[in-house]
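In what follows, a single structure is set out as structure tokens and then discussed.
Note that the numbering runs from 1 along the sequence shown for the chain.
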Amino acid sequence: MSLSNRVGSVEVAAPAKINLGLEILGCRDDGYHEIATILQAIDLVDEVRLHPGDRIRTLHRFPGIPDEENLAIRALLMLRDRFGSHQSAVLELRKAIPAAAGLGGASADAAAALLAARDFWGLEVGDAELAVLARELGSDVPFFLRGGTALASGRGDNLDPLPSPGLSVIVVTPHVAIARKTATLYAALRPSDFSDGSRVAAQADRLRAGLRPDPALLTNSFERPLYALRPELADLVATMRACGAPHVALSGAGPSHFALFPDPAEAGSVATRLQTALEDKALVIATRERSVPVGTGILDR
Ligand code: C5P
């Protein structure tokens, strides 16, 4: 793993993710749900930097988010309290990943903060120990310690790496806010939304065989509860189809949707049409998968 280190600061690129299929199998005894999903890092990255400072805090306070609620700050405090002593750092976060969008932005930042701080503070903490902290911070934080492509099971924290399929992606994030989105959508699930994980397993088999993802297997158990809560999202899907994205899928608990393309040029022209059609109702991003491991310096890209 290489981390960029400029004049006493450490920086890590924190990539967003999409879900190449997400099935919820049922409820667990610990209050969480058992899931099966394929997590795919994409080349939409937040820049996470640590600088010397008097105490653990953000450089630019985010409007409406006190530092105590910032998952990356919680990650730094947890790492220091478990493995450090009196270390401090100022966290600079340059956001490109839309917040609460189903793209894992907060989790990606938290994982990047753990990786950066281990290096910045010179702590002797192994990857397995870091993964324990990541799991406590959130179910999908462990994935972002490595990135790439992975089959995730359990709460989403048991990871099995997969080969990268080689994808261009359009991500569309509508300006739709849902309070406590992830917990709200998990709570809105009905038993009829649960499935056996066989579609995600079949998709994983395709990737292992070097095949592209099958659009028919990009189903997501949050579709019914999300569209019930926000019926206007049906228009978004229709617009994406009309603009040349025939297979539209939901990422995480939404509201971001995405479409896959074998060819970056086609993704780019569909994205341009889409942004024109959607005006300011949604953010449209044309990107691609990101297969380099998390930790690679931003400046090396
Ligand atoms: O793990 P994380 O903090 O991201 O989860 C947020 C909430 O989403 C949990 O409190 C739980 O309500 C729900 N959740 C779940 N099953 C999972 C992951 C999350 O029920 N596998």
Of the non-hydrogen atoms in [X] and [Y], which two are nearest, and what is the gap between them?
{"X": "Leu123", "Y": "Gly84", "result": "CD2-CA, 4.1 Å"}
{"X": "Asp30", "Y": "Tyr32", "result": "OD1-N, 3.0 Å"}
{"X": "Cys243", "Y": "Val270", "result": "O-CG1, 3.4 Å"}
{"X": "Ile73", "Y": "Ile56", "result": "CD1-CG2, 4.1 Å"}
{"X": "Ala112", "Y": "Val12", "result": "CB-CG1, 3.8 Å"}

Could you give me the CA-CA distance, side-chain angles and deciding distance for Thr37 and Asn19, then say whether side chain to side chain donor-acceptor pair (under 3.5 Å) is met?
-> CA-CA 6 Å; Thr37 185; Asn19 299 76; 2.9 Å; yes
Any donor-acceptor pair under 3.5 Å linking the side chain of [X] with the backbone of [Y]?
{"X": "Asp193", "Y": "Arg190", "value": "yes"}
{"X": "Thr58", "Y": "Leu91", "value": "no"}
{"X": "Ser153", "Y": "Ala36", "value": "no"}
{"X": "Gln275", "Y": "Val284", "value": "yes"}
{"X": "Asn220", "Y": "Gly21", "value": "no"}
{"X": "Arg212", "Y": "Gly166", "value": "yes"}
{"X": "Glu34", "Y": "Ile24", "value": "no"}
{"X": "Ser88", "Y": "Gly53", "value": "yes"}
{"X": "Asp157", "Y": "Ser139", "value": "no"}

Do [X] and [Y] sit in one hydrophobic cluster, given that two such residues count as connected whenever their side-chain heavy atoms are within less than 4.5 Å of each other, even indirectly?
{"X": "Tyr227", "Y": "Val172", "result": "yes"}
{"X": "Val48", "Y": "Trp121", "result": "yes"}
{"X": "Leu145", "Y": "Leu76", "result": "yes"}
{"X": "Val141", "Y": "Val132", "result": "no"}
{"X": "Leu44", "Y": "Leu274", "result": "no"}

Run through Arg94, His51, Arg49 and flag the one making a side-chain hydrogen bond (donor to acceptor under 3.5 Å, both in side chains) with Glu11.
-> Arg49
Do you know which of Glu289, Lys17, Gln40 makes side-chain hydrogen bond (donor to acceptor under 3.5 Å, both in side chains) with Thr149?
-> Gln40
Quick one: which of Arg155, Arg82, Arg74 gives a salt bridge (Lys or Arg N to Asp or Glu O under 4.0 Å) with Glu136?
-> Arg82
Measure up the Phe222 and Tyr186 rings against each other and bin them: parallel (under 30°), tilted (30 to 60°), perpendicular (over 60°).
-> perpendicular
Could you walk me through whether Asp214 and Arg199 pass the salt bridge (charged side-chain N to carboxylate O under 4.0 Å, His left out) test, one step at a time?
-> CA-CA 10 Å; Asp214 179 351; Arg199 279 168 290 180; over 6 Å; no
Salt bridge present between Asp127 and Arg146 (N-O < 4.0 angstrom) = no
Evaluate the side chain to side chain donor-acceptor pair (under 3.5 Å) criterion for residues Asp43 and Thr287: first the C-alpha distance (whole Å), next the side-chain angles of each, then the deciding distance (0.1 Å), finally the verdict.
-> CA-CA 6 Å; Asp43 212 0; Thr287 183; 5.2 Å; no
Asp54/Arg57 under salt bridge (charged side-chain N to carboxylate O under 4.0 Å, His left out): CA gap, chis, key distance, verdict = CA-CA 9 Å; Asp54 52 341; Arg57 62 177 172 86; 3.4 Å; yes
